[in-house]
Amino acid sequence: MIVNATRMLKAAKAGHYAVGHFNTNNLEWTKAILLTAQKLNSPVIIATSMGAAKYMGGYKVVAALVKAMDEALGITVPVALHLDHGNYEAAKACIEAGYSSIMFDGSSLPFEENVAKTTELVNLAHDKGLSIEAEVGAIGGTEDGITADGEVADPEECKKMVSLGVDFLAAGIGNIHGIYPEGWKGLHFDALEQINKATGYIPLVLHGGTGIPDDQITRAIKEGVSKINVNTDCQLVFADATIKYCAAGKADPTAANEAKGYDPRKLLKPGFEAICAKVEEKIKLFGSENKANY
Ligand code: 13P
């Protein structure tokens, strides 16, 4: 069942758990996320970055794939199809392409411009029944070998963003995309407390869900985080399982002649199963198991 993410995240905030946002990259990823959410009776957010959507053939392809697969697999739990870190053009394109939720990431823009563009997109998204996430305070990460600490959002800017009508807010609290560097100092819980106070009922979003210790995840949920984004973790387990399968010679056309282990349906199976296991682990950690009927 494809829905927007507003009600599922409000329920998560009120119930002190978080809904997992899992990035998809292809058909196997999509199927693994949907089937695991269904197995655990959990709401779920399935998301594409702009790059992953381009790789898959565009936003319309993604929307058609997710909707058709949701129906074909008989998925009954609530599923939001979300754009992750969209620019202005991508956000507009996804509203038209049939996504049920968008993130407009204007965090690299001057704050006033972020406010102006977010305001416009809030109206466009809400007119069509989509939910919308905005961002204040950039999320750090490693790019071209340069590692930046995650920025900490200003609570007053968060308050302003929420007043525009966004449904949930990504506020940097020292979190970083990808693998956390040695010596990372952890999440800034003092900042989270101030942001949560300033924004009240609004569900907060924690990006960079890979590699944050479980106790910090649990504490962040207790202190106002209701959506947690995970991407790299699924990529790591998929790569590891696929590498092990190949290293064991299972894809070798001569050695595996009988089993035909080079058949893509077999070659991609260990990675698919690894994603299912990772998504299950995260849903249980975030506490959204059996929360499909909010
Ligand atoms: P990770 O890749 O660190 O899991 O972060 C995902 C994310 O925040 C997507 O927006």
Side-chain angles (χ1 to χ4, degrees), residues 5 9 18-26 29-30 32-33 36 44-56 59 62 80-87 90-91 94 99 101-108 131-143 146-153 166-182 184-188 192 203-214 216-217 220-221 225-240 271 274-275 277-283 285-286 288:
L9 292 178
V19 176
H21 149 139
F22 299 97
N23 288 71
T24 185
N25 290 285
N26 63 16
W29 242 262
T30 305
I33 296 163
T36 307
V44 76
I45 297 167
I46 184 162
T48 61
S49 63
M50 294 189 291
K54 189 174 173 198
Y55 167 79
M56 290 168 77
Y59 302 117
V62 174
L81 171 58
H82 183 68
L83 169 68
D84 190 22
H85 293 287
N87 61 23
C94 285
Y99 279 51
S101 187
I102 52 166
M103 174 190 191
F104 169 58
D105 181 358
S107 62
S108 63
S131 47
I132 175 164
E133 172 180 347
E135 177 166 326
V136 183
I139 316 295
T142 300
E143 210 166 61
I146 299 166
T147 299
D149 277 344
E151 212 178 273
V152 175
V166 299
D167 300 295
F168 32 104
L169 182 71
I173 51 168
N175 41 326
I176 293 171
H177 288 124
I179 296 169
Y180 282 79
E182 286 277 323
W184 175 62
K185 295 194 181 60
L187 297 176
H188 294 241
L192 177 57
L204 298 174
V205 182
L206 183 64
H207 283 248
T210 298
I212 299 176
D214 287 1
Q216 292 191 37
I217 291 280
I221 294 170
V225 165
S226 317
K227 172 177 180 277
I228 302 180
N229 292 14
V230 178
N231 186 16
T232 306
D233 249 336
C234 291
Q235 296 185 356
L236 293 172
V237 295
F238 180 85
D240 184 57
I275 296 171
K278 182 54 74 181
V279 171
E280 177 163 348
E281 177 194 317
K282 296 291 179 187
I283 286 177
L285 174 65
F286 300 163
S288 70

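Numbering of ligands and ligand atoms starts at 1, following listing order.
- For the residue pair His207/Asn229, the side-chain donor-acceptor check at 3.5 Å is satisfied.
- Here's the thing with Gly178: one of its N/O atoms is less than 3.5 angstrom from an N/O atom of ligand 1.
- Remark: ligand 1 and Asp84 share an N or O pair separated by less than 3.5 Å (distance only, no angle test).
- For ligand 1, the atoms sitting less than 4.0 Å from at least one non-hydrogen atom of Val230 are 4 (O), numbered in the order shown with element in parentheses.
- Regarding atom 8 (O) of ligand 1, its nearest protein heavy-atom neighbour is Gly208 N, 2.7 Å.
- Each of the following atoms of ligand 1 lies closer than 4.0 Å to a heavy atom of Asn23: 9 (C).
- Interface atoms of ligand 1 facing His85, defined by a heavy-atom separation under 4.0 Å, are 10 (O).
- Residue-to-ligand polar distances keep His21 apart from ligand 1: every N/O pair is separated by 3.5 Å or more.
- Counting the atoms of ligand 1 from 1 in the order shown, those under 4.0 Å from a heavy atom of Thr232 are 1 (P), 2 (O), 3 (O), 4 (O).
- Looking at atom 4 (O) of ligand 1, its nearest protein heavy atom turns out to be Thr210 OG1, 2.5 Å.
- Ring geometry, Phe238 versus Trp29: the interplanar angle falls from 30° to 60°, so the pair is classed tilted.
- Counting only heavy atoms from C-beta outward, the side chains of Asp84 and Met103 approach each other to under 4.5 Å.
- Remark: the Asn23 side chain and the His21 side chain contain an N/O donor-acceptor pair separated by less than 3.5 Å.
- Here the closest non-hydrogen pair linking Gly174 and His188 is CA-CD2, 3.8 Å.
- Side-chain atoms of Thr48 and Tyr55 form no donor-acceptor pair, as typed in the model, at a separation below 3.5 Å.
- The shortest N or O to N or O distance between His207 and ligand 1 is below 3.5 Å.
- A heavy-atom distance below 4.5 Å is not found between the side chains of Asp105 and Glu133.
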